[in-house]
Amino acid sequence: MLSNLDPTPSCHKTLLRSDALYQYMLETSVYPREPEVLKELRECTSRHSWNKMATSPDEGQFLMMLLKLMNAKNTLEVGVYTGYSLLCTALSLPSDGKVIALDIDKEAYEIGAPFIVKAGVAHKVDFRDGPAMDGIDMLLKDESNHGFFDFIFVDADKNNYLNYHKRLIKLVKVGGLIAYDNTLWNGALVASPNDELPKYIRYYMDYILDLNETLAQDSRIQISQVPISDGITLCRRLI
């Protein structure tokens with residue numbers, strides 16, 4: 001949980017070394033293509049004290065294209081916050097598609113829920129309130145869920161990423177994707193011990209390092225670590 005750690009007030013999130021270049025990218029190729037309802041949710045979320053947790057619009061755009069290219073229909077989201085990435089997913093799925101969304105913070109989800117309704121995609125969203133690990137274990141109990149999901153997006157408690165991976169590999173179909181967010185962790189993975197870092201960045205850094213090493217050695221998946229936003233690692237299940 002992040003409740004006892006430092007909040008970060010800004011929702012600006014990128015690994016690009018030039019803020020001006022990032023702004024150029026947003027204004028040229030992201031914002032003009034962002035659906036109005038996503039813009040409204042993004043602006044609403046920006047006023048929340050934990051807005052740094054939100055998926056950035058450039059990453060949302062990337063995920064939407066990825067889902068379309070995959071023709072994804074059945075998806076799972078672990079960690080929702082106010083639901084920017086969730087709405088990106090729901091907008092990208094066919095009319096009979098479904099995204100199961102797991103998060104312990106129903107209050108944050110309810111900030112974004114009206115935008116999901118406004119977008120006309122509420123019928124695609126199955127939000128399940130409670131610890132994500134419990135929700136995943138419930139899914140695993142039903143063997144029809146094994147190898148069922150086309151796409152799984154993980155943006156939750158970083159200290160449990162490896163525990164999630166052990167379970168999610170059973171839920172994603174062969175040829176499907178698991179996407180782990182924040183895997184370059186604000187660029188801090190190559191910081192020296194003496195570098196000044198926000199408390200929450202330092203707290204979770206070792207968990208991200210362990211995840212990256214484990215994914216790189218996992219022969220069941222093909223991986224690509226994409227330096228968009230805060231880093232996202234795509235894991236395609238091979239066996």
Side-chain angles (χ1 to χ4, degrees), residues 2 6-35 38-39 41-70 72 75 77-92 99 101 103 108 112 151-158 161 164-165 177-191 197-198 200-205 207-209 211-212 215 223-236:
L2 289 172
D6 297 334
T8 303
S10 171
C11 58
H12 177 80
K13 182 161 52 175
T14 179
L15 291 165
L16 290 178
R17 298 176 67 181
S18 167
D19 288 345
L21 182 59
Y22 182 58
Q23 194 62 34
Y24 166 81
M25 180 185 70
L26 291 175
E27 294 178 357
T28 303
S29 62
V30 179
Y31 290 156
R33 296 297 189 97
E34 184 182 38
L38 276 174
K39 176 185 177 182
L41 174 54
R42 174 170 55 82
E43 291 177 344
C44 177
T45 302
S46 71
R47 297 188 288 271
H48 193 268
S49 59
W50 285 96
N51 56 50
K52 186 71 172 180
M53 293 170 59
T55 298
S56 65
D58 50 318
E59 183 176 1
Q61 185 184 63
F62 173 73
L63 292 174
M64 293 178 80
M65 178 177 285
L66 193 63
L67 288 163
K68 287 291 189 181
L69 287 170
M70 295 175 62
T75 71
E77 182 154 328
V78 182
V80 175
Y81 187 42
T82 63
Y84 188 89
S85 58
L86 178 61
L87 182 51
C88 286
T89 298
L91 288 168
S92 303
V99 51
D103 202 296
F151 180 80
I152 300 174
F153 183 61
V154 185
D155 184 10
D157 44 333
K158 315 309 172 191
Y161 267 26
Y164 291 140
H165 184 66
L177 288 180
I178 307 173
Y180 291 99
D181 201 15
N182 308 117
T183 58
L184 291 175
W185 205 227
N186 206 241
L189 302 184
V190 293
L197 297 171
Y200 82 99
I201 292 288
R202 179 73 70 184
Y203 180 84
Y204 288 109
M205 191 166 64
Y207 294 109
I208 299 295
L209 288 167
L211 172 77
N212 290 339
L215 295 180
I223 69 169
S224 177
Q225 192 169 41
V226 183
I228 190 171
S229 187
D230 198 24
I232 181 171
T233 300
L234 304 178
C235 306
R236 176 174 173 265

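Any value given below was found using the heavy atoms of this structure, including those in side chains, with hydrogens, waters and symmetry copies removed. Predicted, not measured: the structure shown is a model, and the values here were computed from it.
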Contacts of L197 meeting side-chain contact (heavy atoms from CB on, under 4.5 Å) (sequence neighbours excluded), chain-then-number -> A188, A191, I201, R202, M205
The side chain to side chain donor-acceptor pair (under 3.5 Å) partners of E43 (sequence neighbours excluded) come to none
Residues passing the side-chain contact (heavy atoms from CB on, under 4.5 Å) test with N182, sequence neighbours excluded, are K13, D155, K158, Y161, W185, D230
Residue set satisfying side chain to side chain donor-acceptor pair (under 3.5 Å) with R33, at least two apart, ordered chain then number -> none
Hits for side-chain contact (heavy atoms from CB on, under 4.5 Å) against C235, two or more places apart or cross-chain, chain-then-number order -> I178, Y180, L215, I221, I223, T233
Evaluation steps, side-chain hydrogen bond (donor to acceptor under 3.5 Å, both in side chains), between T82 and T45: CA-CA 7 Å; T82 63; T45 302; 2.8 Å; yes
Taken in chain and number order and not counting sequence neighbours, the residues that satisfy side chain to side chain donor-acceptor pair (under 3.5 Å) with E34 are R42, Y84
Discussion item. Could you tell me if the side chain of P227 sits less than 4.5 Å from the side chain of L184, heavy atoms only?
Written reply: yes
Residues at least two apart in sequence or cross-chain that pass ring pair (Phe, Tyr, Trp, His ring centres under 6.0 Å) with F153, listed by chain then number, are none
Sequence neighbours excluded, the answer for side-chain contact (heavy atoms from CB on, under 4.5 Å) partners of Y207 is N159, Y204
D103 side chain vs G79 backbone, donor-acceptor pair below 3.5 Å:
no
| said: Between S229 and G231 (side chain of the first, backbone of the second, donor and acceptor by atom type, cut-off under 3.5 Å), is there such a pair? | reply: no
